[in-house]
Every structure is written in C-alpha cells, then in structure tokens.
Amino acid sequence: MSARVDFYIQGSDQAQQRLILACQIAGKAYRAGQRVHLHCRDQAQLNTLDELLWSLRDEAFFAHDSQAPYHAPITLGHSDDAPKADVLINLAPNIPAFVDQFPRIMELLNQEPEVIQSGRDNYRHYRQQGYDLHSHNL
C-alpha cells in the first residue's frame, strides 16, 4: 500500500501564509497524537518556522525541536535524513530522499511561481510512483 499524499493549495502568494498553514496542519496532527516532521527548504526557512511555532498563542503551543529532532513530537529539518514520524510536511521544492518512510505526506503550495512549479513536478513524480493523491483548494 502506498502512502497518501495531500496537496494543500493556497490562493495567497505570501510565503509567510504558507508557513502558518504548515504550523496549523502540524498542530492538528499533533493534537491527534501523530508525530510530524516539517522538511524545510533551508536553514533560513527552518528558523522562520521554528519562531512561528514558538510564537503561537499559549493554547496552540506545539512541543517541537529543531536541535534534538529525534525526541519531540514535531520536528524540523532540512537535511537528507529525518526522524521517524507519522506525517511529513514538505516545504522544500524537491521530494526528499527519505519520503518512503512516511505513511502520510503533505505538500503545501501557494501561488509563488517557483512553489507552483515544484508542486507540479512533485505531483507528477508521486503519480508515477503510484501514491494515493488528494488535492485541497483552500
């Protein structure tokens, strides 16, 4: 059985809104008892996302870690490896090599031209590999 891949497509072209959506989805999965890994494009995006996760209102705080990622229910990274988790939220332009270890994958897209193009490329790849694909227009 192949993994499920959900594409969440935002109408906004604001990078910050995409990261806020990532926090919201990670929080929902966390509250459902799932471990989540957020795969970032680079260290700068990871730092921004880390700050967003820490700055959410108290009742929405999510335990996460980017320094010791193998112990927190929400982890962040941008390298070629990832801790074991139930959900992968991919914010990088390419599909990470470790994608096969996740039963659920989420690709978050907005209207930035490079994000749209990488989303199309990733969708094509997942379809060719036989993943269970779903799209959600937000």
Side-chain angles (χ1 to χ4, degrees):
M1 183 171 133
S2 64
R4 176 182 169 124
V5 182
D6 289 279
F7 284 81
Y8 290 91
I9 305 158
Q10 293 179 296
S12 169
D13 64 354
Q14 301 299 309
Q16 186 81 355
Q17 292 302 313
R18 185 170 172 238
L19 298 181
I20 290 169
L21 176 62
C23 292
Q24 292 168 337
I25 291 173
K28 183 176 180 182
Y30 169 71
R31 287 188 297 275
Q34 297 177 318
R35 291 179 51 94
V36 179
H37 181 68
L38 293 135
H39 182 65
C40 300
R41 174 185 65 231
D42 54 26
Q43 186 65 44
Q45 186 181 56
L46 185 149
N47 292 342
T48 301
L49 192 56
D50 188 37
E51 281 186 33
L52 275 173
L53 284 166
W54 282 113
S55 67
L56 295 172
R57 21 180 238 286
D58 290 341
E59 64 269 16
F61 172 76
F62 313 120
H64 71 283
D65 200 338
S66 60
Q67 302 302 314
Y70 292 85
H71 303 290
I74 296 177
T75 59
L76 295 88
H78 64 87
S79 65
D80 291 335
D81 66 340
K84 185 169 173 51
D86 304 300
V87 177
L88 168 66
I89 298 176
N90 185 30
L91 296 164
N94 299 315
I95 299 169
F98 53 76
V99 71
D100 291 340
Q101 75 186 41
F102 294 90
R104 183 100 187 258
I105 303 155
M106 298 181 184
E107 295 272 346
L108 308 185
L109 310 178
N110 65 11
Q111 299 305 305
E112 294 175 277
E114 62 276 2
V115 174
I116 291 171
Q117 186 57 53
S118 67
R120 288 178 180 149
D121 294 343
N122 290 354
Y123 188 93
R124 228 180 339 270
H125 173 81
Y126 289 126
R127 185 178 63 213
Q128 290 170 350
Q129 298 302 312
Y131 284 83
D132 180 20
L133 302 175
H134 300 268
S135 293
H136 311 277
N137 290 312
L138 305 176

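Index from 1, following the sequence.
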| task | Would you list the pairs meeting salt bridge (charged side-chain N to carboxylate O under 4.0 Å, His left out) in which at least one residue belongs to residues 119-133, sequence neighbours left out? | result | D121-R124

| Does V87 reach the side chain of F102, with side-chain heavy atoms less than 4.5 Å apart? | no

| query | Between S118 and P93, which heavy-atom pair has the shortest distance, and what is it? | reply | CB-O, 3.2 Å

| Given the rule that I, L, V, M, F, W and Y join up when any side-chain heavy atoms are under 4.5 Å apart, are L109 and L19 in one cluster? | no

| field | Side-chain heavy atoms of L49 within contact of C40, under 4.5 Å | value | yes

| Do any pairs count as a side chain to side chain donor-acceptor pair (under 3.5 Å) and have a residue in residues 91-101, sequence neighbours left out, and if so which ones? | D100-Y131

| Interatomic distance, R41 atom CZ to N90 atom CG [nearest 0.5 angstrom] | 11.5 Å

| task | Find out whether I25 and Y8 are in side-chain contact, i.e. whether some heavy atom of one side chain is under 4.5 Å from a heavy atom of the other. | result | yes

| request: Could I get the full list of salt bridge (charged side-chain N to carboxylate O under 4.0 Å, His left out) partners for R104, not counting sequence neighbours? | output: D6

| field | Check: M106 and F7 side chains under 4.5 Å, non-hydrogen atoms | value | no

| query | Is it true that Y30 and L46 fall in one hydrophobic cluster, defined by side-chain heavy atoms closer than 4.5 Å? | reply | yes

| K84 side chain near R35 side chain, heavy-atom distance below 4.5 Å | no

| message | Quick check for you: to the nearest 0.5 Å, what is the distance between N122 atom CG and I95 atom CD1? | response | 4.0 Å

| Heavy-atom side-chain proximity of I89 to V36 below 4.5 angstrom | yes

| Which residue pairs pass the salt bridge (charged side-chain N to carboxylate O under 4.0 Å, His left out) test when at least one of the two sits in residues 107-117, sequence neighbours left out? | none

| Contacts of P103 that satisfy side-chain contact (heavy atoms from CB on, under 4.5 Å) - sequence neighbours left out | none

| query | Residues two or more places apart in sequence or in another chain: which of them pass side-chain contact (heavy atoms from CB on, under 4.5 Å) with R18? | reply | Q10, Q45, L91, L108, N110, V115

| message | As a quick check of understanding, evaluate side-chain hydrogen bond (donor to acceptor under 3.5 Å, both in side chains) for N47 and E51, giving each step before the final call. | response | CA-CA 6 Å; N47 292 342; E51 281 186 33; over 6 Å; no

| From CA spacing to verdict: side chain to side chain contact (heavy atoms under 4.5 Å, CB included), Y123, S135 | CA-CA 10 Å; Y123 188 93; S135 293; 4.2 Å; yes

| query | Considering only heavy atoms from C-beta outward, does the side chain of H37 approach that of P83 to under 4.5 Å? | reply | yes

| field | Non-hydrogen side-chain atoms of P96 and L88 separated by less than 4.5 Å | value | yes

| task | Grab the two heavy atoms, one from F98 and one from D80, that are nearest each other, plus how far apart they are. | result | CD2-O, 3.3 Å

| Are H78 and Q43 close enough, and set up right, to give a side chain to side chain contact (heavy atoms under 4.5 Å, CB included), and what steps lead you there? | CA-CA 7 Å; H78 64 87; Q43 186 65 44; 2.8 Å; yes

| field | Residue among N137, I116, L138 satisfying side-chain contact (heavy atoms from CB on, under 4.5 Å) with I9 | value | N137

